[in-house]
> 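Provided herewith is a single structure, encoded as structure tokens, for subsequent inquiry.
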Amino acid sequence: GLPVWLEVISLSPRVFDIFNFFDREESAAIVDKALKETSETHRMKRSSTGASGYTVNSQRTSENGFDTHGTQAQAVKHRCLNVLGTCLLHAMARFLQVLYYASV
């Protein structure tokens with residue numbers, strides 16, 4: 001319910017810090033949905049490299065998964081498009097990616 005606002009960090013490249021974009025409950029729901037995903041293409045798994053196929057790079061420690069249709073993910077996606085002031089990206093912004101970085 002708080003207003004969303006941006007703080008400019010850099011104009012070139014464009015980097016912004018976004019405040020009040022989502023809360024802990026929303027983020028917990030999105031992470032929970034991603035962790036429960038069973039689809040091979042969307043479930044949490046070790047991040048890969050390369051444009052084709054699934055190639056694990058031992059230097060990468062992250063895991064990623066996707067939330068394509070969750071209620072919270074859809075709300076965050078629509079909020080993002082609203083903050084950006086565009087609906088042009090709607091067709092391209094199909095899902096939310098969840099990343100987990102392991103400590104090394």
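Just the heavy atoms: all of them, side chains too, but no hydrogens, waters or symmetry mates, feed the values below.
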> Tabulate below the donor-acceptor pairs under 3.5 Å that side-chain atoms of residues 5-18 make, not counting sequence neighbours, or state none.
| unit_1 | atom_1 | unit_2 | atom_2 | d |
| --- | --- | --- | --- | --- |
| S10 | OG | S12 | N | 3.3 |
| S10 | OG | S12 | O | 3.4 |
| S10 | OG | P13 | O | 2.7 |

> Is the number of heavy atoms from other residues, nucleotides or ligands under 6.0 Å of Y101 OH greater than 12?
no

> Could you check I30 against Q72 for side chain to side chain contact (heavy atoms under 4.5 Å, CB included), going step by step and ending with a plain yes or no?
CA-CA 6 Å; I30 291 166; Q72 299 299 335; 3.7 Å; yes

> NE2/H42 to CG/D67 distance, rounded to the nearest 0.5 angstrom?
9.0 Å

> Would you mind listing every salt bridge (Lys or Arg N to Asp or Glu O under 4.0 Å) that reaches into residues 18-38, with sequence neighbours excluded?
E26-R79, D32-K36

> Rounded to the nearest 0.5 Å, what separation is found between the OG atom of S62 and the CE atom of M44?
8.5 Å

> Using a 6.0 Å cut-off, check whether atom CZ of F21 has over 12 heavy atoms from anything other than its own residue.
yes

> Please report the interatomic distance CZ(F22) to CG(L96), rounded to the nearest 0.5 Å.
8.0 Å

> Any donor-acceptor pair under 3.5 Å linking the side chain of N20 with the backbone of L2?
no

